[in-house]
Amino acid sequence: MSLNCNELNLIISELDLQGSFIQEIVQPGYDMLAFRTIKQGILSTLIICTGANSCRINTTENRVPKNEKPLRFHEFLRSNIQGMRINDCHQIGLDRIVKFDVSTWQQKYYIYVRLWSGAANVIVTDEDGIIQDCMYRRPKKNEVTGAKFIVEEKEVSQEEKEAALEKFPIRTFDSSIDENLSFNRKIDIFYSEHATALSRESLLAQAEKWYNVKHSKMESALKKLLDKQKQFENAGHLKHTGDLILSFGSQAQGNTLDCIDYDTNEQVHIHLDAKKSIQENAAIYYEQYKKAVSGMEDLQHDIEISKRNIAALDAEYKAITEQKNVIKIEQMLRHDTTPKQKTEKAHAGLHYEVDGWALIVGRTAAENDDLLRHTVKGSDLWLHARDYAGGYVFIKAQKNKTVPLEILLYAGNLAVYHSKARRNGQADLYYTQVKYLRRAKNGPKGLVLPTQEKNLFIKLDEKRLRHLDELEKAREGI
């Protein structure tokens with residue numbers, strides 16, 4: 001439940017902010033700010049929350065954790081507001097808007113804290129009312145940098161105050177909260193322990209649901225890997241079957257071979273492809289044996305990663321359940337929360353990120369064409385296996401930076417792996433910038449003709465491919 005206008009007025013009246021300095025600003029989440037102020041050597045923390053159904057402003061005795069990565073609005077406040085003196089702080093009329101007057105000897109700003117559920121915001125303007133920045137940028141409401149923000153301040157009569165108090169009474173609390181405490185402290189306790197949005201019980205319930213869903217997916221993935229490992233453990237049987245075909249191939253009749261296994265002295269029945277020779281039939285089993293043996297090492301690596309991820313998830317959930325600070329719990333639960341404007345648009349193909357460089361792989365003609373049309377730009381680098389059909393690999397360009405050799409080798413390995421040259425384990429590649437690609441006239445979808453290309457020879461590096469796979473799984477949380 002958000003603060004009403006009279007509760008807000010009472011909180012502001014209890015605050016002693018005039019003449020204090022904003023020593024530090026912390027933004028633990030997208031909907032919360034904390035001003036750490038100091039006045040005459042006394043430190044205090046002011047919380048501003050714009051979350052739906054929990055809009056409020058009050059002092060807190062809880063420790064407010066910092067966000068792992070500084071948020072946009074926090075960076076602005078830290079650069080421009082941190083260190084300023086609070087000259088005044090008051091509620092505008094009976095509206096749920098608090099106005100801060102802050103300044104240094106050189107600069108002056110106004111901070112408007114609007115605590116309307118569903119339309120809450122924190123807006124910073126200069127003395128002329130020009131918006132410098134906002135917690136939430138809303139172009140449709142003209143709440144963006146450079147726009148004019150106007151709030152009409154008018155006197156409120158005593159009759160209006162009494163009518164508002166009757167319509168919106170100040171809430172009372174149960175006996176679990178000491179009635180002798182200040183209203184600020186009561187509100188802080190209430191939102192820390194009882195409010196729906198930030199109650200510890202509610203957050204722990206969310207954490208349990210998140211943990212169970214993710215843990216179930218991870219366990220299922222691990223089970224599939226272990227089942228596959230059991231199949232691979234029978235790889236020796238495939239080789240032995242190939243040996244039996246070569247040894248007793250002359251006894252084959254059509255698509256079957258019945259013979260005595262010289263290891264067990266038992267009758268065995270082997271299915272053959274009548275269109276292939278004895279040697280070709282044996283080669284099929286030998287090929288399956290090689291794949292099983294080579295895949296066993298990679299499979300064991302994937303199993304270890306899967307077990308490690310499950311252990312990390314268990315540790316993360318344990319840390320959440322042992323945490324007492326509800327603000328910290330809420331922050332820990334925001335694993336994948338990203339502002340909509342920061343969410344990466346989905347595109348075709350596979351996406352990898354290595355040392356800050358984005359690698360994109362188109363596996364089919366359709367994906368190659370889609371990436372060329374909608375994702376990559378002229379300065380991006382294109383790689384493709386020479387003389388072999390296969391997917392396109394793109395390295396997203398970075399301003400004033402040359403693609404490092406290490407990144408080129410990672411991309412080259414992807415280009416060979418996603419081509420017909422994979423069986424050979426090596427191939428010649430050519431690479432060039434996307435702007436030097438020309439679509440083949442009347443050619444099939446995705447076909448391009450490169451110019452100004454350079455050559456690169458790549459021999460598949462299992463360690464590099466494994467590292468890319470590990471990065472992808474970590475990104476997806478598998």
Under 3.5 Å, is there a donor-acceptor pair between the side chain of D128 and the main chain of I130? no
Return the OG1 to CD1 distance between T60 and I48, rounded to the nearest 0.5 Å. 12.5 Å
Within this structure, what is the CG-CG distance for the pair N58 and L8, rounded to the nearest 0.5 Å? 10.5 Å
Judged by atom type as modelled, is there a donor-acceptor pair below 3.5 Å linking the side chain of N413 to the main-chain atoms of L465? no
Side chains of V393 and Y431 in contact at under 4.5 Å (non-hydrogen atoms): no
Rounded distance (nearest 0.5 Å) linking atom CD1 of I177 with atom NZ of K186: 8.0 Å
Nearest heavy-atom pair of V98 and C89: which atoms, and what distance? CG1-SG, 3.7 Å
Give a yes or no on whether E166 atom CD has more than 12 heavy-atom contacts from other residues, nucleotides or ligands under 6.0 Å away. no
Heavy-atom distance under 4.5 Å between the side chains of L408 and L383, does that happen here? yes
Validation row: L350, H418 side chains within 4.5 angstrom (heavy atoms): yes
Check whether any side-chain heavy atom of V124 sits under 4.5 Å from a side-chain heavy atom of L77, and report yes or no. yes
Looking at E7 and R96, is any side-chain nitrogen of the basic one under 4.0 Å from a carboxylate oxygen of the acidic one? no
Measure across S20 and K39 and return the closest heavy-atom pair with its distance rounded to 0.1 Å. CB-CB, 3.7 Å
N/O donor-acceptor pair under 3.5 Å between E14 side chain and F183 backbone: yes
Verdict with reasoning, H74 to I25, per side chain to side chain contact (heavy atoms under 4.5 Å, CB included): CA-CA 7 Å; H74 173 248; I25 299 175; 4.3 Å; yes
Can you tell whether the side chains of R185 and E61 come within less than 4.0 Å, N to carboxylate O? yes
Could you tell me whether the side chain of S220 and the main chain of K217 form a donor-acceptor pair under 3.5 Å? no
Donor-acceptor pair, side chain of T104 and main chain of M84, under 3.5 angstrom: no
Spacing of M135 atom CE and L33 atom CG [to the nearest 0.5 Å]: 3.5 Å
S379 vs K435, side chain to side chain contact (heavy atoms under 4.5 Å, CB included): CA-CA, chis, key distance, verdict: CA-CA 7 Å; S379 55; K435 62 186 175 183; 5.8 Å; no
Please determine whether a side-chain nitrogen of the Lys or Arg among D101 and K108 lies less than 4.0 Å from a carboxylate oxygen of the Asp or Glu. yes
Kindly give the heavy-atom pair with the smallest separation between E127 and Y110, and that separation in Å. CA-CE1, 3.9 Å
Which residues pass the side-chain contact (heavy atoms from CB on, under 4.5 Å) test with H215, not counting sequence neighbours? Y211, E219, I310, L313, D314
What's the shortest heavy-atom distance between H90 and I12, and which atoms? CA-CG2, 4.1 Å
Apply the test side chain to side chain contact (heavy atoms under 4.5 Å, CB included) to residues I131 and V144: give CA-CA distance (whole Å), side-chain angles for both, the deciding distance (0.1 Å), then the verdict. CA-CA 7 Å; I131 296 176; V144 292; over 6 Å; no
Is there side-chain contact between E316 and K214, with heavy atoms separated by less than 4.5 Å? no
Taking R308's backbone N and O only, do any of them form a donor-acceptor pair with E304's side chain (distance below 3.5 Å, no angle check)? no
Derivation and outcome, side-chain hydrogen bond (donor to acceptor under 3.5 Å, both in side chains), residues T37 and S44: CA-CA 5 Å; T37 63; S44 63; 2.9 Å; yes
Reported CD1-to-OH distance for the pair I97 and Y112, which is rounded to 0.5 angstrom: 9.0 Å
Given N6, N4, N9, L94, the one that forms side-chain contact (heavy atoms from CB on, under 4.5 Å) with L165: N6
Sidechain N-carboxylate O distance under 4.0 Å for K445, D370: no
Would Y392 and L371 count as a side chain to side chain contact (heavy atoms under 4.5 Å, CB included) if you check the C-alpha gap in whole Å, the side-chain angles of each, and the deciding distance to 0.1 Å? CA-CA 9 Å; Y392 294 167; L371 290 171; 5.9 Å; no
Sub-4.5 Å side-chain heavy-atom contact between I303 and L226: yes
Can you confirm whether more than 12 heavy atoms, excluding those of Y417, are under 6.0 Å from its OH atom? no
I want to check something: taking the side chain as every heavy atom from C-beta on, are I11 and R56 in contact at a cut-off of under 4.5 Å? no
Whether F173 and F190 hold their rings parallel, tilted or perpendicular, with breakpoints at 30° and 60°: tilted
Should the ring pair Y410 and H467 be called parallel, tilted or perpendicular, given that the plane angle runs from 0 to 90° and is split at 30 and 60? tilted
Trace of the salt bridge (charged side-chain N to carboxylate O under 4.0 Å, His left out) decision for E160 with K154: CA-CA 12 Å; E160 288 176 314; K154 60 180 181 180; 5.8 Å; no
Side-chain donor or acceptor of S216 paired with backbone N/O of V213 under 3.5 Å: no
Given 3.5 Å as the limit, does a donor-acceptor pair link the side chain of D380 with the main chain of A397, or not? yes
Quick one: are the ring centres of Y430 and W382 less than 6.0 Å apart? yes
N212 side-chain N/O to K209 backbone N/O, donor-acceptor pair under 3.5 Å: no
What do the steps show when you test E143 against N121 for side-chain hydrogen bond (donor to acceptor under 3.5 Å, both in side chains), and what is the final call? CA-CA 9 Å; E143 293 176 4; N121 208 347; 2.9 Å; yes
What's the shortest heavy-atom distance between L429 and A385, and which atoms? CD2-CA, 3.4 Å
Step through the shown structure and confirm whether more than 12 heavy atoms of other residues, nucleotides or ligands are within 6.0 Å of NZ on K148. yes
Identify the two heavy atoms, one from P28 and one from P65, that lie closest to each other, and give their separation to 0.1 Å. CB-O, 3.1 Å
Between E75 and R78, does any side-chain N to carboxylate O distance fall below 4.0 Å? yes
Is there side-chain contact between R464 and E406, with at least one heavy-atom pair below 4.5 Å? yes
What's the separation between atom NZ in K396 and atom CD1 in I407, rounded to the nearest 0.5 Å? 15.0 Å
More than 12 non-hydrogen atoms from neighbouring residues, nucleotides or ligands closer than 6.0 Å to CG on D227, yes or no? yes
